[in-house]
Protein chains: 4
Amino acid sequence: MSSTTAKHPDVSRRSERSRKAILQASMELVGEVGYPKLTIEAIAARAGVGKQTIYRWWPSKAAVLLDAFTEVVHDQDYDSGFPDTGDIEADLKTVLRATADEFSDTAFEAPYRALAVAAATDPKLADQFVTRLREPGLKVYTERLRSGQEAGQIDPELDLDLAVELLLGPFQQRWLSRSGPLTHEFTDRLVELVLRALAPRDGKP
Amino acid sequence: MSSTTAKHPDVSRRSERSRKAILQASMELVGEVGYPKLTIEAIAARAGVGKQTIYRWWPSKAAVLLDAFTEVVHDQDYDSGFPDTGDIEADLKTVLRATADEFSDTAFEAPYRALAVAAATDPKLADQFVTRLREPGLKVYTERLRSGQEAGQIDPELDLDLAVELLLGPFQQRWLSRSGPLTHEFTDRLVELVLRALAPRDGKP
Amino acid sequence: MSSTTAKHPDVSRRSERSRKAILQASMELVGEVGYPKLTIEAIAARAGVGKQTIYRWWPSKAAVLLDAFTEVVHDQDYDSGFPDTGDIEADLKTVLRATADEFSDTAFEAPYRALAVAAATDPKLADQFVTRLREPGLKVYTERLRSGQEAGQIDPELDLDLAVELLLGPFQQRWLSRSGPLTHEFTDRLVELVLRALAPRDGKP
Amino acid sequence: MSSTTAKHPDVSRRSERSRKAILQASMELVGEVGYPKLTIEAIAARAGVGKQTIYRWWPSKAAVLLDAFTEVVHDQDYDSGFPDTGDIEADLKTVLRATADEFSDTAFEAPYRALAVAAATDPKLADQFVTRLREPGLKVYTERLRSGQEAGQIDPELDLDLAVELLLGPFQQRWLSRSGPLTHEFTDRLVELVLRALAPRDGKP
DNA sequence: TTGTAACCGAGACGGTACGTCAAGTCTTCGG
DNA sequence: CCGAAGACTTGACGTACCGTCTCGGTTACAA
């Protein structure tokens, strides 16, 4: 059913051992040398694999890295739940602090930044990047906001997708452009400010 | 005064003709083939210049592009003033709409995106990118917000830098990651939402 | 067995087509532009081959040319026999005349001079030049002189290697330094003079 | 009178200091890095001179080296006389031994070999090389042989130029191609053998 | 005494080729 | 037929020099 399967050789014969080795080598290398100096040859060598085996199954080194990263993230099973204590400010602050810590972890940062950057250039990749990594991440925020909306803490007429953009846009921007540090101070202030925008309108006539 | 001058050869002997030709060729080529396929060799060839003349004055193709882009921006004298009609919502909407249009112009987009992406990878470049292009752009927003603050339309205790991040973060993020279109509808909603966050706190007479 | 094989990649996978094309292109180009203007890039381009394929198998352009020249010489199967009519003076004159003619043939001269010159500078190359081109050429002279020695026409106590140097040294020197023309007149006089030196000592019955 | 003066700028204004420095730097550098790696830029830098000053007065690096070497040789005033004791064999042996020693002195060898090699490629240079270095060197041999001829030790009908070629050809050849060591043993044997060729014909009828 | 015309040191310039690296393709061989 | 190995063509990299061309500065002859 997957239309992407068509261009591949016989998937059932694929060597799982090679696939794993390639993904792992990619993650290691991107951490060691950075994305721009990551080469297919080095991945193949590190993985003990012929270059052709990479070219056979992936269209670009970015695609390899995306698979590699997705696999790691899934292994961590990151849908580990979003807290809902009833106090939306506290919950958002908790999660955004955690997110900030995650984005400061170099093991996570190198490949994720690499992908974000590659996606900014390559629309094909951007698609997959958004579908497989970004959207699942945003969805949990949207749902927590919806819960707050139902609890009357958030303006019921508000577009929640825009609200999530308001919250995460400044965060992501600061991270990607390194225009400032991702401190808890920052994330807390951000949550407070955003919640002022989301609050139900007072002057109910 | 300028610490970067030191590593250069004798600046006074520099060929202005070559400098101009290189910057122009860079802008043309990045539009034609995109940043990843932009090569120093092609720039040199198009500019009718030896490769060494590029390597002599710039450390990377990104640096060339940054100079090229800066020059264009300055020629347009973009400090052409930020409107201040007294109606802060209208003023912000006007400017953000214009900014959205600018970021949708391919002639502007290609090199700017290239720079933003390169800066995300190369901290050295990021520095210059921020000081020479980003900060001047943000400053005018900060000033308009300060004016609004003085006029009592904005909470006087607010950190205006964070306010600007709140406004432009989602905008930049959407643009860079192509996670949505930069319509006037979007920018208007964004301005409205942000202003709710910036409004002076009620019930404090 | 072969100590030089070690530093090479897998010889069995070598492309015979490329090897031939490179050697032929070298010979053509050295004739057209001369050795100093012979470039690896031009050889690669003419041969329809990547530069790397040349660098993979040869350490320098001189080495390429040596292989090319050796191949041509072997194709001509130049061990085509040294005449031995019993008249040593006639035989030597015949062969030296032929050699002079060969050294006057531009198709032969350009690459051979190039190699002789390069060998004079590069001892590594000199080794191979001597073993693969010079020694086989000298050996046939030595053998003819030995035959003459056995026939009593040459002093039996003579060092035949020195004798060959005496004959070919002036010849080579004149050719290499262009200090005079390689006429048959010259070669004949040379043979006569040398034979006076080689003659058995008289008055020792 | 000198036809070469015409193409030069005003010779009278030439800086003697620069000329000396260039020649000395050339000699030093050719000894340090060898002729093929000798560059005009390095000579200029070492001599503390602008490149143009070299290009103004010499057509090639070989020409510079030739001047440099000639100057050194003349300073040594090498026409220091050829011994003529009456014993031609002893005299030739003495001089050829000295020559062999000279050609084994690296300070002399590097530039002289460089010139010999360059001359083998560049006929223009070869002319000057022969006129200014080789011929003066050969002339003294010719004269000594003529003296021997007049003394009846050498066949009066012999072409003395050819005789000198017979003596020095093997010597030069061995040196240039490094096909053997320039021992006194070798030069002595060579002189003896050559003299057998030059001896007056015994069988005077 | 003062031009002014050269040489001079310096070094930027447009080029060419270098030798290296990696890309993506193709071929050979073993399992 | 997949996978490892790696040779192949291609093309860009960044460097080294080439030979030419200004740029002040410093002589040294002419007005």
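Below, chain A is the first sequence line, B the second, and so on; all start at residue 1. The figures that follow rest on heavy atoms only: side chains count, while hydrogens, waters and symmetry mates do not. All values derive from a computational prediction rather than experimental measurement.
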Self-check item: D:Y112 and D:F129, any side-chain heavy atoms less than 4.5 Å apart
Solution: yes
Self-check item: Residue pair B:K124 / B:Q128, side-chain heavy-atom distance below 4.5 Å
Solution: no
Quiz item: Please give, in whole Å, the distance from F:dT22 P to B:R14 CZ?
Solution: 19 Å
Quiz item: Hey, is the side chain of D:T53 poking within less than 4.0 Å of OP1 or OP2 on E:dG9, counting only N and O atoms?
Solution: yes
Self-check item: Protein-nucleotide distance (B:R46, atom CZ; E:dG14, atom P), rounded to Å
Solution: 17 Å
Quiz prompt | Any D:S18 side-chain N or O less than 4.0 Å from OP1/OP2 of E:dC7 | solution = no
Quiz item: Under 4.0 Å between a side-chain N/O of B:R56 and OP1 or OP2 of E:dC13, yes or no?
Solution: yes
Identify all pairs in which a protein N or O lies below 3.5 Å from an N or O of nucleotides 29-31 of chain F, and state each distance.
none

Quiz item: Among residues 19-28 of chain C, which residues get a heavy atom nearer than 4.0 Å to DNA chain E?
Solution: none
Quiz item: Can you find a pair of side-chain heavy atoms, one from B:H8 and one from B:W57, that are under 4.5 Å apart?
Solution: yes
Quiz item: Tell me: CG of B:D10 to P of E:dG9, nearest whole Å?
Solution: 18 Å
Side-chain donor-acceptor pairs of residues 36-45 of chain D under 3.5 Å, sequence neighbours excluded:
residue	atom	partner	partner atom	Å
D:T39	OG1	D:A42	N	3.0
D:E41	OE2	D:K51	NZ	2.7

Quiz item: Passes salt bridge (charged side-chain N to carboxylate O under 4.0 Å, His left out), B:D67 versus B:R132? Steps please.
Solution: CA-CA 9 Å; B:D67 272 13; B:R132 288 169 52 187; 2.8 Å; yes
Quiz item: Does the cation-pi check pass for C:R14 over C:W58, that is, NZ or CZ under 6.0 Å from the six-membered ring centre and within 45° of its axis?
Solution: yes
Quiz item: How close do B:V64 and B:L23 get, heavy atom to heavy atom, and via which atoms?
Solution: O-CD2, 3.7 Å
Exercise. Would you mind classifying the nucleic acid contact of B:S12 as base, sugar-phosphate or nothing, using non-hydrogen atoms under 4.0 angstrom?
Key: nothing
Quiz prompt | Sub-4.5 Å side-chain heavy-atom contact between B:R56 and B:T53 | solution = yes
Exercise. Mind calculating the distance between CD1 (A:I43) and P (E:dG24) to the nearest angstrom?
Key: 11 Å
Quiz item: Is the side chain of C:T106 donor-acceptor paired with the backbone N or O of C:E109 at a distance under 3.5 Å, no angle test?
Solution: no
Quiz item: Who pairs with D:K20 by side-chain contact (heavy atoms from CB on, under 4.5 Å), at least two apart in sequence or on another chain?
Solution: D:E16, D:E71
Self-check item: Atom pair distance, as rounded to whole Å: CD1 in C:I54 and C1' in F:dA7
Solution: 14 Å
Quiz item: Quick one: A:R17 CZ to F:dC2 C1', roughly how many Å, whole number?
Solution: 13 Å
Exercise. With sequence neighbours left out, write down each residue that passes side-chain contact (heavy atoms from CB on, under 4.5 Å) with A:A114, or none if nothing qualifies.
Key: A:V30, A:Y35, A:L65
Quiz item: Between B:R178 (side chain) and A:A120 (backbone), is there a donor-acceptor pair under 3.5 Å?
Solution: yes
Quiz item: Closer than 4.0 Å, any side-chain N/O of D:W57 to the OP1 or OP2 of E:dC8?
Solution: yes
Practice problem: State which of E:dC8, E:dG14, F:dG3 makes the closest approach to the side chain of A:S15. | Solution: F:dG3
Using the 3.5 Å cut-off, write out each protein N or O paired with an N or O of nucleotides 18-21 of chain F and the distance between them.
residue	atom	partner	partner atom	Å
F:dC18	OP1	D:I40	N	3.2
F:dC18	OP2	D:I40	N	3.2
F:dC18	OP2	D:E41	N	3.2
F:dG19	OP2	D:Y55	OH	2.9
F:dG19	N7	D:K51	NZ	3.3
F:dG19	O6	D:K51	NZ	2.6
F:dC21	N4	D:Q52	OE1	2.4

